[in-house]
Amino acid sequence: MTHNEKRSHWLKEGLLTTGAGVLYGFTSVAVGHPLDTIKTKMQAQAGFEKSSMFSSLIKIAKTQGLPGFYRGCIPPLIGSGIFRSLQFSTFESAYTYCQGTWASEQIPFSPGTEYRVIVGSTISACTRAAIETPLEYIKVRRQTGQDWQLRKAYTGFKVTLMRTWGLMTTFFILVDYGRRNHADLFSRPLLGPFLVAGCASTTAWWVVWPIENLKSQVQSGYGKEVSLFKRVQFVLKERGGFFGLYRGIAPGTLRSLVANGCSFAVMNFAQKKITQMGWRD
């Protein structure tokens with residue numbers, strides 16, 4: 001569903017997409033980590049609570065230099081190639097496996113979305129959250145200048161799963177819609193996939209941003225250890241009201257548009273090369 005190439009057996013399709021997804025993961029971290037660092041500090045580090053994106057950028061540049069923007073990048077650089085490849089391969093496997101079953105029927109009152117898009121998104125989200133949570137925990141701790149402990153690696157798993165399910169479901173629904181209704185754009189080399197994935201991922205992040213904000217706070221240990229509901233109450237009362245839940249959205253939006261757009265363009269290019277080399281035959 002993330003490409004318009006001729007599909008092979010569902011298991012083979014999953015394996016091929018795993019390889020292409022590794023390229024997506026590496027590209028995403030290499031391009032987007034500096035903006036992710038700014039976002040995390042704005043959300044979850046003392047001293048950055050009232051800093052804008054630009055002032056946070058200046059503060060990091062003055063105190064830590066260029067390496068400061070890439071603090072904590074090693075875990076996601078290594079792990080992103082794994083969980084991002086699996087998020088796509090598990091989706092593609094499930095989507096292809098469900099072809100011709102009840103799950104390939106359209107959901108009533110939807111814009112043509114089939115049940116298998118939701119099925120694949122759910123499997124993708126669970127797989128990604130299981131692998132991503134410890135990597136995100138380490139990354140967030142390093143970005144905020146703190147040490148991490150192995151026994152706390154799954155801190156924030158529940159909120160990460162909630163965020164990831166909303167993120168993956170929204171993303172795949174939008175990409176599926178673009179693939180079906182704007183195939184000409186999807187087939188354009190590099191620019192087409194960049195626009196489709198960049199817009200889809202950015203919209204998906206906007207949908208789940210309040211949960212992403214809470215995840216950063218939980219994993220960084222910001223404030224007291226309280227329930228998510230009480231964290232929401234705290235942000236609403238003490239950190240800017242409703243818009244406080246969307247803190248860090250500016251660098252997050254830029255990161256999503258550029259990093260995911262570039263990454264999806266690279267992955268889509270790889271999918272075309274796989275077909276040209278005859279690996280789907």
Side-chain angles (χ1 to χ4, degrees), residues 1-8 10 13-14 16-21 23-25 27-28 31-32 84-99 103-125 127-128 163-209 212 249 252-276 280:
M1 194 282 296
T2 54
H3 62 82
N4 274 337
E5 303 300 310
K6 180 182 177 182
R7 295 178 180 279
S8 55
W10 68 269
E13 192 63 39
L16 292 174
T17 304
T18 298
L23 297 176
Y24 185 108
T27 305
S28 179
V31 174
R84 291 186 192 276
S85 66
L86 289 178
Q87 80 181 20
F88 288 112
S89 63
T90 53
F91 177 89
E92 289 292 349
S93 295
Y95 184 85
T96 306
Y97 182 81
C98 290
Q99 187 170 348
S104 60
E105 298 177 2
Q106 291 186 3
I107 300 173
F109 308 110
S110 73
T113 305
E114 299 176 356
Y115 287 104
R116 58 178 172 160
V117 175
I118 308 302
V119 172
S121 298
T122 301
I123 295 173
S124 171
T127 303
R128 171 172 169 165
R163 177 266 266 168
T164 307
W165 185 84
L167 181 70
M168 292 291 93
T169 301
T170 305
F171 174 79
F172 284 124
I173 287 175
L174 293 175
V175 171
D176 173 66
Y177 179 85
R179 180 188 64 84
R180 288 184 290 103
N181 296 282
H182 302 283
D184 56 331
L185 180 61
F186 215 87
S187 61
R188 292 179 186 176
L190 300 181
L191 180 59
F194 176 91
L195 292 175
V196 171
C199 292
S201 61
T202 300
T203 302
W205 275 114
W206 286 346
V207 170
V208 302
W209 197 258
E212 168 68 10
I249 191 66
T253 296
L254 287 174
R255 180 210 169 279
S256 175
L257 183 62
V258 176
N260 288 298
C262 290
S263 301
F264 198 83
V266 169
M267 187 178 75
N268 193 264
F269 178 80
Q271 293 282 23
K272 291 181 182 296
K273 286 298 181 182
I274 287 172
T275 299
Q276 292 173 7
R280 285 192 165 91

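Using a 4.5 Å heavy-atom threshold, the side chains of Arg128 and Leu167 count as touching. For the pair Phe172 and Phe88, the minimum side-chain heavy-atom distance is below 4.5 Å. In this structure the side chain of Cys98 never reaches within 4.5 angstrom of the side chain of Glu114, judged on heavy atoms. The closest side-chain heavy-atom distance from Met168 to Trp165 is not below 4.5 Å. At least one side-chain heavy atom of Thr113 sits less than 4.5 Å from a side-chain heavy atom of Arg180. At a threshold of 4.5 Å between non-hydrogen side-chain atoms, the residues Ile249 and Trp206 count as touching.
With sequence neighbours left out, Thr202 forms a side-chain hydrogen bond (donor to acceptor under 3.5 Å, both in side chains) with Ser256.
When all heavy atoms are compared, the tightest approach of Tyr115 to Pro108 is OH-CD, 3.3 Å. For Ile107 against Ser110, the heavy-atom pair with the smallest separation is O-OG, 2.7 Å. Pairing each heavy atom of Gly166 with each of Val208, the nearest pair is C-CG1, 3.6 Å. For Arg255 against Ser28, the heavy-atom pair with the smallest separation is NH2-OG, 3.2 Å. Shortest non-hydrogen contact noted between Gly252 and Trp209 is CA-CH2, 3.6 Å.
For the atom pair CZ of Arg116 and CD1 of Ile123, the computed distance is 13.0 Å after rounding to the nearest 0.5 Å. To the nearest 0.5 Å, atom CG of residue Leu257 and atom OG of residue Ser201 are 7.0 Å apart. Put simply, OG on Ser124 and CD on Glu92 are 10.0 Å apart, with the number rounded to the nearest 0.5 Å.
A donor-acceptor pair under 3.5 Å is absent between the side-chain atoms of Ser104 and the main chain of Gln99, judged by distance alone.
Between Tyr95 and Phe91, the angle of the ring planes stays under 30°, which puts this pair in the parallel group of the 30/60° scheme.
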